[in-house]
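Throughout, protein chains are lettered first and strands after them, A, B, ... in sequence-line order, and every chain is numbered starting at 1. Heavy-atom basis, side chains included; hydrogens, waters and symmetry copies ignored.
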There are 4 protein chains.
Amino acid sequence: MQSRIPPPARTGGRPRNAAADAAILESTRQALVELGWSKLTLGDVATRAGVAKTTLYRRWAGKSELVVDAVAELFDELELPDRGSLAADIEGVVLQFAALLGRPETKTALMAVVAESTSDEPLRERIRTSIVDRQKRLVLAGRKRAQERGELPPEPDPTAAGLTADLIFDVIAGAVVHRALVSAEPVDEDWARRFTLLLLGGLAAAAAQTW
Amino acid sequence: MQSRIPPPARTGGRPRNAAADAAILESTRQALVELGWSKLTLGDVATRAGVAKTTLYRRWAGKSELVVDAVAELFDELELPDRGSLAADIEGVVLQFAALLGRPETKTALMAVVAESTSDEPLRERIRTSIVDRQKRLVLAGRKRAQERGELPPEPDPTAAGLTADLIFDVIAGAVVHRALVSAEPVDEDWARRFTLLLLGGLAAAAAQTW
Amino acid sequence: MQSRIPPPARTGGRPRNAAADAAILESTRQALVELGWSKLTLGDVATRAGVAKTTLYRRWAGKSELVVDAVAELFDELELPDRGSLAADIEGVVLQFAALLGRPETKTALMAVVAESTSDEPLRERIRTSIVDRQKRLVLAGRKRAQERGELPPEPDPTAAGLTADLIFDVIAGAVVHRALVSAEPVDEDWARRFTLLLLGGLAAAAAQTW
Amino acid sequence: MQSRIPPPARTGGRPRNAAADAAILESTRQALVELGWSKLTLGDVATRAGVAKTTLYRRWAGKSELVVDAVAELFDELELPDRGSLAADIEGVVLQFAALLGRPETKTALMAVVAESTSDEPLRERIRTSIVDRQKRLVLAGRKRAQERGELPPEPDPTAAGLTADLIFDVIAGAVVHRALVSAEPVDEDWARRFTLLLLGGLAAAAAQTW
DNA sequence: AACTAAACGAGACGGTACGTCATGTCTTGCC
DNA sequence: GGCAAGACATGACGTACCGTCTCGTTTAGTT
């Protein structure tokens, strides 16, 4: 995944300061918390990072690209906890994801860049690769683990398996995001339990059908 | 819900031009389609509407408020079709909602104002009353109709009923939005059928438990 | 002479603040004294004048145009003193002109805008009308007065008269500017006397020839 | 006169590339013609000369110094032609000087560096030695030759001689510059003849006085 | 029919941020 | 040590919108 503007083919010249990247991304998250998306300015980010505006523009094409990168780093910490059962694993992921969305930089930035991406195809692509697909791995890993535990039967048809995984993913991610950001209600243990119950029940019912 | 700035108590003076409101809202939607949220400017909207900037500011407090109103009008057309069964009704709502989200002005505006609302409580309130609650009513109406048909048992506990309705609502709206805007995959009849199957199966399983 | 950007044909709208013009021009001269031409910035001028940068750009196209106007105001104070004889009048004008060129805002600005004008024809035209031609009037007025006094014969041939006036003008203005700005030597009473002697002697000799 | 930054005392290391100097000065003149003073940038000059910016800064302190050197080279070609009489010699110098000022790089650069020099004493000094004094020598040489021819009497008082030479120099250089750059009229043979007539007549008249 | 008070268009205004550009310095690796 | 390449901090550029303001001009509904 390449979202920063790459340095020119190295034929000479002073190399870019690697520390600046980290400082810029951290400052971006900080500024997002304090100012929100629409009041965040690249000049301000540069100042916080102790870096010139030109340095920032040399590496990122604009506000959206920078924010996507800054937020994407946060999604690296998501992982599938092993809580012993499929239901518990799902609850764990839901709560972990909700905790991430509860952080002000994430909640503000995520919706804003998605909004921008509705009229910017490359940006949508970058969001998908940098952010969204990291979560999809969790769904696949969770199913694999459940199958190893014998909680789920092996899926013989790979096409149907992919469709189901996509559906599950949209349901989980969509419900949690909607609950947290649109309904603005807490995603607590109780909600996670009820949601997991609904999801697993639905999957069982669906598995009984011909898809 | 009143989001426009109200005219002063009428003691005389020229009344506001009612046609201007419609022109402004329509121009706002048009501009959203062409420019997206971040490049939409109020000056541009005023020009398109053939109206002075002052006229616009006399009636709305800012960009977010204006866009919420402009988009809210689109949600007026949502209604619960009677397709004969609970499953068919849900599929109908899903497809209707997806069709609305397919329009560029809706998709852009919805995510953008939600993003702004993460750091603007009054705005979130306005979004809830103008937009979100219009959808939630469909869930409630759908359940009522299903109970009348005998497809669902009456819910004796109003608290549990509310919790369930909220959960269903977050799942439906969240999944459709995520599919349409983030995954950027089509919400077609097939997807709607598979999603409905999952949802109803989950509800049945959940109803068998003590919530 | 029109060097400011004119306001649009008045059909409505808030009128320009006339006081701002004076404040801007005065601030420009002040900044020229302190900073010199190349370090003068329009943002700084705007700040000094207590005016927004946009106001400044609404009225002038750029640095050169602004400085020409600012300096041109200084040339309004030049006038032909009546000192009783042609020689004394010339000496008076020379000293007056030298005093003007001695002011730091004039000396810096004049050469700089002339330099810019070498690759900017409209600017040269503006300099000529706003600044240079004001001085040429002094030559014509001086000759007229000398003719009334009987010190010079009436000039029957208008073409030759024009040529002579242009030549005199280039000699006077050029010599004073060169002495003051390039040689950087004082234009004092002694120099003025010697220069006038040379000029009048030359004119008398030239008048004896067929031009 | 040394206006380039001298290389460090030679203790070893790679010597400077002498060809680069010529390329830089030539590129400077070229860029002056195309861009004018204010739009000329050192980075652009370096690129044209096929040289790194650092090389340029290693040798010159800034834009003014570089341009003075670039233009000074042009003044090397000035010389006093022997046309047989004082009047003809003066006309020849005037035309030669005018031809130099007619070149766009000269006219632009000369005024610009003089403007900068009004607030930069070392720069003025450099201009005087590199450029102005080259012209003044022509005045002195011309007088010497005229005295040898017997057209002018020997000047017994060296102080008065210096004063007169300075005055003549300011008058010639000033008038030609003003005619060419400010009035923007051609300095042709006719003008040169009329100007010389005026000057020589003035000198004769002045010589008749006690200075 | 005249009065009155607000709406309206136009556009100036003080601000703030934009994204670009030039300056003069620095760092790196090759000659 | 010179040199090409290019990153860097700095700071001005000229533009675009912001939201407010000041005009002169409608446009009702009173009186």
Grab the [atom1]-[atom2] distance between [X] and [N] for me, whole Å please.
X	N	atom1	atom2	value
D:Trp60	E:dT25	CH2	P	16 Å
C:Arg16	E:dA12	CZ	P	6 Å
D:Ile5	E:dG24	CD1	C1'	12 Å
B:Tyr57	E:dG11	OH	P	18 Å
A:Arg58	E:dC26	CZ	P	16 Å
A:Lys53	F:dG11	NZ	P	13 Å
B:Asn17	E:dA6	CG	C1'	13 Å
A:Leu56	F:dA7	CG	C1'	14 Å

Test: [X] and [Y] ion pair at under 4.0 Å:
X	Y	value
B:Arg48	B:Glu34	yes
C:Asp120	C:Arg124	no
D:Asp21	D:Arg4	yes
B:Arg29	B:Glu73	yes

Any residue of residues 21-52 of chain C with a heavy atom less than 4.0 Å from an atom of DNA chain F:
C:Thr41, C:Leu42, C:Gly43
Presence of B:Arg59 side-chain N/O under 4.0 Å of E:dA6 phosphate oxygens OP1/OP2:
no
Between E:dA10 and B:Thr54, is there an OP1 or OP2 to side-chain N/O distance shorter than 4.0 Å?
no
5' priority, DNA chain F, between D:Thr55 and A:Ala20 [closest heavy atom]
D:Thr55
Test item: D:Thr108 side-chain N/O and D:Glu105 main-chain N/O as donor-acceptor pair under 3.5 Å
no
For the backbone of D:Ile127 and the side chain of D:Ser130, can you confirm whether one donor and one acceptor N or O come within less than 3.5 Å of each other?
no
Produce the list of close N/O pairs, under 3.5 Å, pairing protein atoms with atoms of nucleotides 28-31 of chain E; give distances to one decimal.
none

Between C:Pro7 and A:Gly62, which residue's closest nucleotide on DNA chain E lies nearer the 5′ terminus?
C:Pro7
Given C:Trp60 and C:Val68, is the side-chain contact (heavy atoms from CB on, under 4.5 Å) satisfied, shown in steps?
CA-CA 10 Å; C:Trp60 283 276; C:Val68 169; over 6 Å; no
Which heavy atom in D:Leu42 sits nearest to a heavy atom in D:Gly62, and how many Å separate them?
CD1-C, 4.2 Å
Side chain to side chain contact (heavy atoms under 4.5 Å, CB included) partner of D:Ser27, chosen from D:Val45, D:Asp44, D:Leu56, D:Leu32:
D:Val45
